[in-house]
There are 2 protein chains.
Amino acid sequence: MTKRIKPSTRTKPAKRRTTIRAAAARIPKVASAKLAEARPPANRAEKSAERRAAIVEAAMDEFIARGFAATRLDDVAKRAGVAKGTLYLYFKDKESMFEELIRTALVPLISRMTALPTITGPVRDAVEGFAETFIREIVSTRRGDIIRLIVSEGPRFPAIADFYFREVVSKGLTGMKALVQLAITRGEIKHRELGDFPQLVVAPAIVAVIWQSLFARHAPLDGLAMFKIHLDLIFGERRQT
Amino acid sequence: MTKRIKPSTRTKPAKRRTTIRAAAARIPKVASAKLAEARPPANRAEKSAERRAAIVEAAMDEFIARGFAATRLDDVAKRAGVAKGTLYLYFKDKESMFEELIRTALVPLISRMTALPTITGPVRDAVEGFAETFIREIVSTRRGDIIRLIVSEGPRFPAIADFYFREVVSKGLTGMKALVQLAITRGEIKHRELGDFPQLVVAPAIVAVIWQSLFARHAPLDGLAMFKIHLDLIFGERRQT
DNA sequence: ATATTATGACTGACTGGTCAGTCATCGTCA
DNA sequence: TGACGATGACTGACCAGTCAGTCATAATAT
């Protein structure tokens, strides 16, 4: 009774449902999502919001640990403490869930980047502050894994890559370029060409993120210390503190 | 072999549901039969090597395009022009295939990195040569995607991450650190702390790889030009050529 | 040299298990 | 009580891995 209806899309599957899962290690269970509720039974809207948050949290953990294709929604549901059908009350399908998660996770990051234009002192201090924030809020947290996830799945989710480029990368680099230009006019930076490649300023931060995901257990990396040396290269020798 | 006892567990071929395969998949046989001049019929060992190469090539393309979990071995087989069962004559299972592929793909990269210790001129020239090679051989080719693949799947394949760290990253950074130290003793580099973070030297190359995969279609990036500016920061202003 | 047999590379239909998405039913809150 | 959120058993597509059978080629016999 095998009905193998194979559509004759010879050249390209294009829009196919992703299945499968990778043989991989178990994810460490962090915490039972729904266990100790300090909250007394809330009203419906409140409960709904809590549930949604639990799902988002659980899905994030699973997607980070396994990637999109290998993540099972059964696991997400179990981790969130809901039934699988419940997921579909909050998200259209697996793909929508993934994309929405990635977008949502970036909102604080965007706020962080747009909250920098107040420069009271040397530009170097502003950039250093940016680096400290970045290391503390991203490299040392789960958000770093989200960046790795974007790098991983970006090519297969053009919508995500587009969104990320438009909302984060493009804006971030524009802001950084403005900072560099300001520093150049102030004489803090000598190399005028640096304005052409603001990527150079943030490159060590990206490397720190990747290092953290892949090699931290082999050789820990002090991302902030590294970044400060990097700033010495850009701004000239460090003014002693 | 005159036993024609047909085992009952096997059903007869019956009808072929779908046209077995696209005609193009049969090319190898046709080519050797009709166009004998290009490729004389090889012996078994030679044929086997060719087949293996075809499988490796096809698997690489599929894994790069879809990642490990979402890649179907049916597709790999089709692309390689062999039956699925044939894959298992050359590889134990999907996971072994993936790991072996990643390892193999890195061999030329390793050779490249260990083939640099002959420094005839300024250290900067050596590093710039390294960068040119890296951009030309990796960023602009499929090898860049392999690096992205390692970043993507590394956390789920600790064996790959370990191998890569041991054989490439560790050795590469050690070599780079030696270069930096040499440049410091020669006076080409002022910042002595750079020796503590050789990652800083190669960071723009990593960023170029990622950019190429994710954002090239939005905004092309001249990796080599960027790297040269980076070298200006490290070695001081560029000596005009 | 030609015929016969042996080898094993290759094939692809098939199995067993997985998992995204559905929906009839249940429970709970307003 | 009625409406709606929640459930989880269920469906069926999907796919890694298997293996009985085929056939080109090598080995051996005539």
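By convention in this document, chain letters (A, B, ...) are assigned in the order of the sequence lines, proteins followed by strands, and residues within each chain are numbered from 1. Just so you know, these numbers use all the heavy atoms, side chains as well, and skip hydrogens, waters and symmetry mates.
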Residues 79-90 of chain B, side-chain donor-acceptor partners within the protein, below 3.5 Å, at least two apart:
{"from": "B:R79", "atom 1": "NE", "to": "B:E62", "atom 2": "OE2", "distance (Å)": "2.9"}
{"from": "B:R79", "atom 1": "NH1", "to": "B:D61", "atom 2": "OD2", "distance (Å)": "3.2"}
{"from": "B:R79", "atom 1": "NH2", "to": "B:E62", "atom 2": "OE2", "distance (Å)": "3.4"}
{"from": "B:T86", "atom 1": "OG1", "to": "B:A83", "atom 2": "O", "distance (Å)": "3.4"}
{"from": "B:Y90", "atom 1": "OH", "to": "B:S48", "atom 2": "OG", "distance (Å)": "3.3"}

Practice task
Among D:dG5, D:dT18, C:dA20, find the nucleotide with the atom closest to the side chain of A:L89.
Solution key: D:dG5
Exercise for the section: Could you list all the salt bridge (charged side-chain N to carboxylate O under 4.0 Å, His left out) pairs where at least one residue sits in residues 202-222 of chain A, not counting sequence neighbours? Expected result: none
Handout entry: Rounded interatomic separation in angstrom, taking CG from B:L87 and C1' from C:dG12
Key = 12 Å
Practice task
Please determine if a side-chain N or O atom of A:Y90 lies less than 4.0 Å away from the OP1 or OP2 oxygen of D:dG5.
Solution key: no
Handout entry: D:dA16 OP1/OP2 closer than 4.0 Å to side-chain N/O of B:K94
Key = yes
Problem - Nearest-0.5 Å distance that lies between atom NZ in B:K92 and atom CE in B:M97 - result: 12.0 Å
Practice task
Would you indicate which nucleotide in D:dA6, C:dA20, D:dA16 comes nearest to any side-chain atom of A:D74?
Solution key: C:dA20
Practice task
Nearest whole angstrom, please: distance from the P of C:dT25 to the NZ of A:K84.
Solution key: 20 Å
Problem - For atom OH of B:Y88 and atom C1' of D:dG17, their distance in whole Å - result: 5 Å
Practice task
Please round to the nearest 0.5 Å and tell me the distance separating atom CG of B:L214 and atom CD1 of A:I150.
Solution key: 8.5 Å
Problem - Atom pair distance, as rounded to whole Å: CZ in B:F91 and P in D:dA16 - result: 15 Å
Exercise for the section: Look at the side chain of A:T86 and decide which nucleotide, out of D:dA6, C:dC10, D:dT18, has an atom nearest to it. Expected result: D:dA6
Problem - Residues B:E95, B:R156: salt bridge by 4.0 Å N-O rule - result: no
Problem - B:K78 NZ - D:dC15 C1' separation (whole Å) - result: 14 Å
Completion exercise
Checking D:dT7, C:dT11, D:dA16 against the side chain of A:V82 (C-beta onward), the nearest is D:dT7
Handout entry: Distance, rounded to the nearest Å, where B:E62 contributes CD and D:dA16 contributes C1'
Key = 15 Å
Fill in the blank from the handout: With the side chain defined as heavy atoms from C-beta on, B:R72 is closest, among C:dT11, C:dA20, D:dA16, to D:dA16
Practice task
Figure out the NZ/C1' separation between A:K92 and C:dA20, and round it to whole Å.
Solution key: 12 Å
Exercise for the section: Tell me whether the OP1 or OP2 atom of C:dA9 has a side-chain N or O from B:R51 closer than 4.0 Å. Expected result: no
